2 protein chains.
Amino acid sequence: MPRPSQLSEKRRLLVPAVAKAFADLGYRRTTTAELASRCRVQENILYRLWRDKKAMFIAAIDYIYESSAQTWAELLKGKPSEAAAEILLAYEATHFAENGYARIIFAGLSETDDPEIRKALAQMYQRYQAFVLEQLQKHRGSRNGKLKGDIGLAAWGFVGLGTVAAIVRELKLLSDKERGRLMTQVGRLLLEGA
Amino acid sequence: MPRPSQLSEKRRLLVPAVAKAFADLGYRRTTTAELASRCRVQENILYRLWRDKKAMFIAAIDYIYESSAQTWAELLKGKPSEAAAEILLAYEATHFAENGYARIIFAGLSETDDPEIRKALAQMYQRYQAFVLEQLQKHRGSRNGKLKGDIGLAAWGFVGLGTVAAIVRELKLLSDKERGRLMTQVGRLLLEGA
DNA sequence: CAATACTGTAAGCAATCACTAACAATATAG
DNA sequence: CTATATTGTTAGTGATTGCTTACAGTATTG
């Protein structure tokens, strides 16, 4: 018997560096040579782990949500679930999109006629929306406010708020402080519903 | 004296086709050969009109807002200014991002470390926000509701709403009907303020 | 007319880059 | 030990593509 494959393990190990590269450089300026260099391996190795450059990109997309989810789980550990929404909102008001991964998403969104990329992005967005929705339900469940309208749409509103916050950060359209106020203020609006 | 230059005129003439190409294909898959073909000219001609491919892309970015502004002006012609916000919201609930130009923006957002691209995008976003803000002020000015918080941030909220609507459309995450409800429902929330 | 710059057409080049082939070295299971 | 598949290293290539050069034709002004 030969030695057992460690491919999937190696993939997990390298994905963060791959994601960072795409986040720093976008898709087209992230050459496979650059990826190899950042991963401290030869290009060849990458092609044993992933079919082609696109597959590396998709792995980066998948990693984004996992990375967020891990941060959130850490943050909410031991906290009461009704407080989760407020805690997350306060945290993201200052830290949202600080890792730069949003640029991976933008790069992907300009390639949405590729079915695999679209699928990966769709899955990622649906996960985000589902997570937000869960927090919203727990939050609103506690109080019995006059909640009007579909709560699922409010969750999508949050996704939009996050997106514009990332854009505003990327383009330096608002100061950190103003961007924080944007998140908390519009966030609170969505949290409570009209 | 030689014949007068018609360069700027020709630029105006070709920009819509250029923008359509970038919208259809993204940045990297839009080759200069493809651009030339769609414009029904030789590549060479394009390089007389713009310094390089990036300049063509930036021209496309600039065109996006102009295109929207023209549509809106048409739509609001002869309408009372207090009604503008509602009219626009109702219109965009079904027509937002239908031209596909959003993909130009996403392509640009993944290249934001280029100063010229960032500048073009920042200008475009600021124009959109300023326009929305203007409509919001006219809308809220008419009624004297309990408007809490910074109205400028609400305008950024609208920009976020538009962005998520474009994403949701691109990725087919919601049906047309649901997306319309997203726009109107969250839009109304932002319109009135908490 | 004539000078001058603009417009159109064709061909091609230099550089980048995704991807591969070939081979040596190594670790594991029987 | 040995067979087998994995891992590491080097080099290279075919294709794409942004951009340029060169030249012929044309319209406009003095």
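Every chain is numbered from 1, with letters handed out A, B, ... down the list of sequences. Not measured: the values here are computed from a predicted model. All values below come from the heavy atoms of this structure, side chains included, with hydrogens, waters and symmetry mates left out.
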**Request:** Do nucleotides 15-20 of chain D as a string where each nucleotide becomes B, S or -: B if the base has a protein heavy atom under 4.0 Å, S if just the sugar-phosphate does, - if no protein is that close.
**Result:** --SBBB

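Remark: A:R28 pairs with B:E111 by the side-chain hydrogen bond (donor to acceptor under 3.5 Å, both in side chains) rule, at least two apart or across chains. Evaluation of the salt bridge (Lys or Arg N to Asp or Glu O under 4.0 Å) rule for A:D113 yields B:R29, B:R103 as partners, not counting sequence neighbours. Evaluation of the salt bridge (Lys or Arg N to Asp or Glu O under 4.0 Å) rule for B:R38 yields B:D24, B:E34 as partners, not counting sequence neighbours. Judged as a salt bridge (Lys or Arg N to Asp or Glu O under 4.0 Å), and not counting sequence neighbours, B:D62 has no contacts. By the salt bridge (Lys or Arg N to Asp or Glu O under 4.0 Å) test, A:E116 pairs with A:R51, A:K54, sequence neighbours left out.
Aromatic ring centroids of B:F96 and B:W72 lie 6.0 Å or more apart.
Computed from coordinates, the A:L46 CG to C:dA18 C1' distance equals 12 Å when rounded to whole Å. One interatomic measurement links the two molecules: CZ of A:R48 to C1' of C:dT20, which rounds to 11 Å at whole-angstrom precision. The CZ atom of A:R11 sits 14 Å away from the C1' atom of D:dT7 (whole-angstrom rounding). Between the CD atom of A:E9 and the C1' atom of D:dT6 there is a distance of 15 Å, rounded to whole Å. Between the C1' atom of C:dC19 and the CD1 atom of A:I45 lies a distance of 14 Å, rounded to the nearest Å. What separates CZ of A:F57 from P of C:dA18 is a distance of 13 Å, to the nearest Å. The nearest whole Å value for the distance from the CG atom in B:L13 to the P atom in C:dT7 is 12 Å.
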